[in-house]
Amino acid sequence: MPNGSVAYFSAEFGLDESLPIYSGGLGILAGDHIKAAADLNIPLTGVGLFYKKGYFQQHINEHGTQQQLYPDVDLEASIYPVRLVMDAEERPVVIEVSIGGRQVYAKAWSVQVGSVTVYLLSTDVEGNSDDDRRLTDTLYPGNQDVRISQEMILGIGGARLLEALGIQPDVWHMNEGHSAFLAFERIRKLSAEGVPFETALEAVKASTVFTTHTPVPAGHDVFSIEMMDRYFGGYYWQLGTDRDRILSLGRLDGAFNMTRLAVSTSSKVNGVSKLHGEVTRELFHQWMPHIPIQDIPVDSVTNGVHIGTWLADGMKNLFDRHLPSDWAVRTEEADVWDAVQDIPAIELWKVHQHAKSEMIEELGLPLALSGEGPLIIGFARRFATYKRALLIFSDLERLARILGDPQQPVCLIFAGKAHPADEPGKELIRRIVELSREDRFKGRVYIVENYAMDKAKKLVQGVDVWLNTPVKPMEASGTSGQKAAMNGVLNCSVLDGWWVEGYNERNGWAIEGVTNSEPGYQAQQDSHTLYQLLEEEIVPLYYKQGERGVPTEWVSRMKESICSIAPVFNTHRMVSDYWHQIYVPAAARGTRFIADNLEVASKVAAYKQFIRNNWSDVHVRKVDILENSSSRIGLNKTTFIAEIDLGAIWHKDVRVEAVGSDGRRGIWKAKLEPVQQAAKGLYIYEGISCDIPINIRDANVNVRVTPISPDFANDFEMELAAWG
Ligand SMILES: *Cc1c(COP(=O)(O)O)cnc(C)c1O
């Protein structure tokens, strides 16, 4: 494979509705990532699980109760070629994973998406016990034993499959922490070749990258230590170190956390929007409180969507006519989209009206379009409670007034599945069904069954407004609003996730979003803002007549939505960002670490061990801060002098800085240099800074010592800092 080949591990892939092996946004993102990699000719291989029964089919009965049906996935129906993976002798490739003392076998299906292959493992293999054959039946089982087994098959089995197929990735990408056991397997393999554990860990880490998607601790996979012992008891020793060291990679609050494992075994970690990057830094800061939030090494690559998948055919034709002819391969270039501004309003409006009536027809909604009306607002996503599907029902009378105006009718369409184990989520569905039957909401509120990619396409293409009301900051990114935006559907969303970056005041509406307050208060504030937007802006603008029966101002916003959002929030831009910011550096790093018989990996391992063994002797003994006379208005020249005991550690192996708060959630730093050695291991450091905020006394300044190395991926790779 060319330099920089990537193995992309994900527990779900939303490639097409005909292959229902995804449950929500994470899977859709993975599917869109695969398609964009194929479009861009990126050398990438997907690894996942083949769920025989897929995610469930949803039926909502007359009581509003969600019923889950589990038909077998029909491979013949897949629009992508799916094949059983065979070896050179035309026998199915079967790999083995020891799970809880049993040998479990798995075969693999390959799904071909252009130039990219996605391998999906299945334990439905002869030779397995009946229970084991069912291990990979469904997504995200509630049973923890099945769950850890699936994650072992994905991580360990996935790595073994690539090995069996002779695929040697330069970069291993863990899309969410479910696949993090792959790091164990890679270490095991090196260990079997005689590589010491710490060296193997460094080699693996150098070439592994991790994308986290969950902004709340409750969303991370956690297994008890007892369970880890039960499943990994026969595996620990094979990694070449003791049980405690292995568990330390994922240990958090007395249990084993897959996100922690993924962070410990990756050289790059990213969130999925800028805000989510910040929120993740805050979350990880709790694990390493001695490192300020701003210094926690987490980047972000904001999610996007695959335009070819989500754009309505009518829109594609329209863009073919009005945009540069090669627009579809230049989607991340902003000026390609400028031409949208010149599309005659009536043409764009007609194409949208067409998508709207198609949606109504295909979803079987008993709605008739007349003139512009009704204005249709869509809310479709997993029924997870944090997404607050009921927010718009906070004040029923006020909502009934908004929806019921005969001159300006408004309809709400809901769709989504609740995870089978999520009772509060199912309750949301029941409540919406109940409300839709109230007289005041009859014909105004609908719920569509069995939300999946096919329904999602119709909805994001056909509604007028896409509503999104999560509890800020719990929506890491969200992507459905991006699909809507490029179809000219206007977002009305809490300023969370991607919308913080996408909203420009002209391309939709923002609900500012109250954060970190009592949930009732937060909901009250957010719903109030939502009603006000609907009453004062959204509904009047939609029904404001322009020329020739076209609501011209609304259409201007649609254009703005397309132009400002499509070039940025698409997977071509996203996968290019992954390529340049993450894959290429990680591939180079990984290659360098293993060259010459793992020379760099072994050096870094030894260096870290030396630092770790001696770090307890590092102390900041004394700090003096001298304020000199003002050099510039508002800025003081300040001298820092610190006496630092480094013990056995060489002064060139640390960085010493004065670190203070800037009073605006940020920090500033001034570097200190050693000016004198006072005794063995004892140094005087000094630094001068001229651009420190004026209130040095209030700035809460401390001196920090951190171990550094040109071979570290970031300054806090060791998660160590001594303060004084
Ligand atoms: C796009 C999509 C999602 C993700 O939507 P969010 O905005 O992240 O909630 C979930 N399910 C389906 C079927 C989708 O198409």
Side-chain angles (χ1 to χ4, degrees), residues 10-36 54-58 139-140 175-176 211 213-215 219 271-273 275-276 302-312 359 363 378-389 391 413-419 422 425 428 448-463 465-487 489 491-502 508 565 569-571 574:
S10 180
E12 43 177 313
F13 285 95
L15 291 162
D16 185 71
E17 55 265 23
S18 59
L19 211 52
I21 52 167
Y22 61 92
S23 82
L26 179 71
I28 303 291
L29 180 82
D32 281 7
H33 193 112
I34 294 292
K35 292 176 203 171
Y55 201 47
F56 68 94
Q57 304 282 315
Q58 179 198 50
L139 283 87
Y140 305 128
N175 186 43
E176 194 51 298
T211 301
H213 292 260
T214 318
V272 290
S273 69
L275 177 62
H276 179 236
T302 303
N303 283 347
V305 295
H306 186 251
I307 295 181
T309 301
W310 299 104
L311 196 64
M359 169 192 75
L363 301 184
F379 183 104
R381 38 183 49 89
R382 287 181 302 115
F383 276 108
T385 44
Y386 81 87
K387 291 182 183 258
R388 293 194 304 193
L391 189 89
I413 301 180
F414 290 87
K417 295 176 181 174
H419 186 280
D422 180 9
L428 298 174
V448 173
E449 277 182 333
N450 206 25
Y451 183 57
M453 285 182 78
D454 50 346
K455 304 274 166 75
K457 280 182 200 165
K458 292 298 154 205
L459 287 161
V460 298
Q461 294 166 1
V463 301
V465 173
W466 195 253
L467 181 66
N468 180 39
T469 51
V471 176
K472 187 173 178 177
M474 289 181 65
E475 192 63 89
S477 166
T479 51
S480 58
Q482 302 171 349
K483 304 167 193 165
M486 54 195 55
N487 280 293
V489 171
N491 278 274
C492 174
S493 168
V494 167
L495 262 188
D496 196 11
W498 78 278
W499 193 228
V500 177
E501 293 156 66
I565 292 167
F569 301 96
N570 67 68
T571 33
M574 178 185 87

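One is the number of the first residue; the rest follow in order along the sequence. Atoms within each ligand, like the ligands themselves, are counted from 1 in listed order.
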At under 4.0 Å between heavy atoms, is it the side chain or the backbone of [X] that contacts ligand 1, or both, or neither?
| X | value |
| --- | --- |
| Trp498 | neither |
| Ser477 | neither |
| Thr479 | both |
| Lys457 | neither |
| Ala456 | side chain |

In the protein, which heavy atom is nearest to [atom], and how far is it?
| atom | answer |
| --- | --- |
| atom 9 (O) of ligand 1 | Lys387 NZ, 2.8 Å |
| atom 4 (C) of ligand 1 | Gly25 CA, 3.4 Å |
| atom 12 (C) of ligand 1 | Tyr451 CE2, 3.7 Å |
| atom 6 (P) of ligand 1 | Ser480 OG, 3.6 Å |

List ligand 1 atoms under 4.0 Å from [X], heavy atoms only on the residue side.
| X | result |
| --- | --- |
| Gly478 | 7 (O), 8 (O) |
| Gly24 | 10 (C), 11 (N) |
| Ala452 | 13 (C) |

Would you mind telling me which of Leu495, Thr302, Ile565 makes a side-chain contact (heavy atoms from CB on, under 4.5 Å) with Glu501?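 Single side-chain contact (heavy atoms from CB on, under 4.5 Å) partner of Glu501 among Leu495, Thr302, Ile565: Thr302.
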Sole candidate of Leu15, Thr571, Asp16 that passes side-chain contact (heavy atoms from CB on, under 4.5 Å) when paired with Lys35: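 When Leu15, Thr571, Asp16 are each tested with Lys35, the side-chain contact (heavy atoms from CB on, under 4.5 Å) holds only for Leu15.
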Roughly how far, to the nearest 0.5 Å, is the [atom2] atom of [Y] from the [atom1] atom of [X]?
| X | Y | atom1 | atom2 | result |
| --- | --- | --- | --- | --- |
| Thr211 | Leu29 | OG1 | CG | 8.5 Å |
| Asn468 | Phe379 | CG | CZ | 6.5 Å |
| Tyr55 | Tyr140 | OH | OH | 9.0 Å |
| Phe383 | Lys417 | CZ | NZ | 12.5 Å |

Can you tell me if Ser273 uses its side chain to pair, donor with acceptor, with the backbone of His276 under 3.5 Å?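 Between the backbone of His276 and the side chain of Ser273 there is a qualifying donor-acceptor contact (under 3.5 Å).
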Keeping His33 on the side-chain end and Asn175 on the backbone end, is there a donor-acceptor pair under 3.5 Å?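 Side chain of His33 to backbone of Asn175: no pair is present.
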Nearest neighbour of atom 14 (C) of ligand 1 from the list Glu17, Arg381, Lys483, on a heavy-atom basis: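 Nearest heavy atom to atom 14 (C) of ligand 1 lies in Lys483.
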Does ligand 1 come near enough to Tyr22 that some N or O of the ligand is less than 3.5 Å from an N or O of the residue?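 So ligand 1 has no N or O lying under 3.5 Å from an N or O of Tyr22.
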Min N/O separation Glu475 to ligand 1 under 3.5 Å: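 There is no such contact.
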Would you say the side chains of Asn487 and Gln461 form a donor-acceptor pair under 3.5 Å?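 Distance-only check fails for Asn487 and Gln461.
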Within less than 4.0 angstrom of ligand 1, does Lys455 place any heavy atom?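 Lys455 does not count as a contact of ligand 1 under the 4.0 Å cut-off.
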How would you list, by chain and number, every residue that makes a salt bridge (Lys or Arg N to Asp or Glu O under 4.0 Å) with Arg388, sequence neighbours excluded?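 With neighbours one apart ignored, the set is Asp526.
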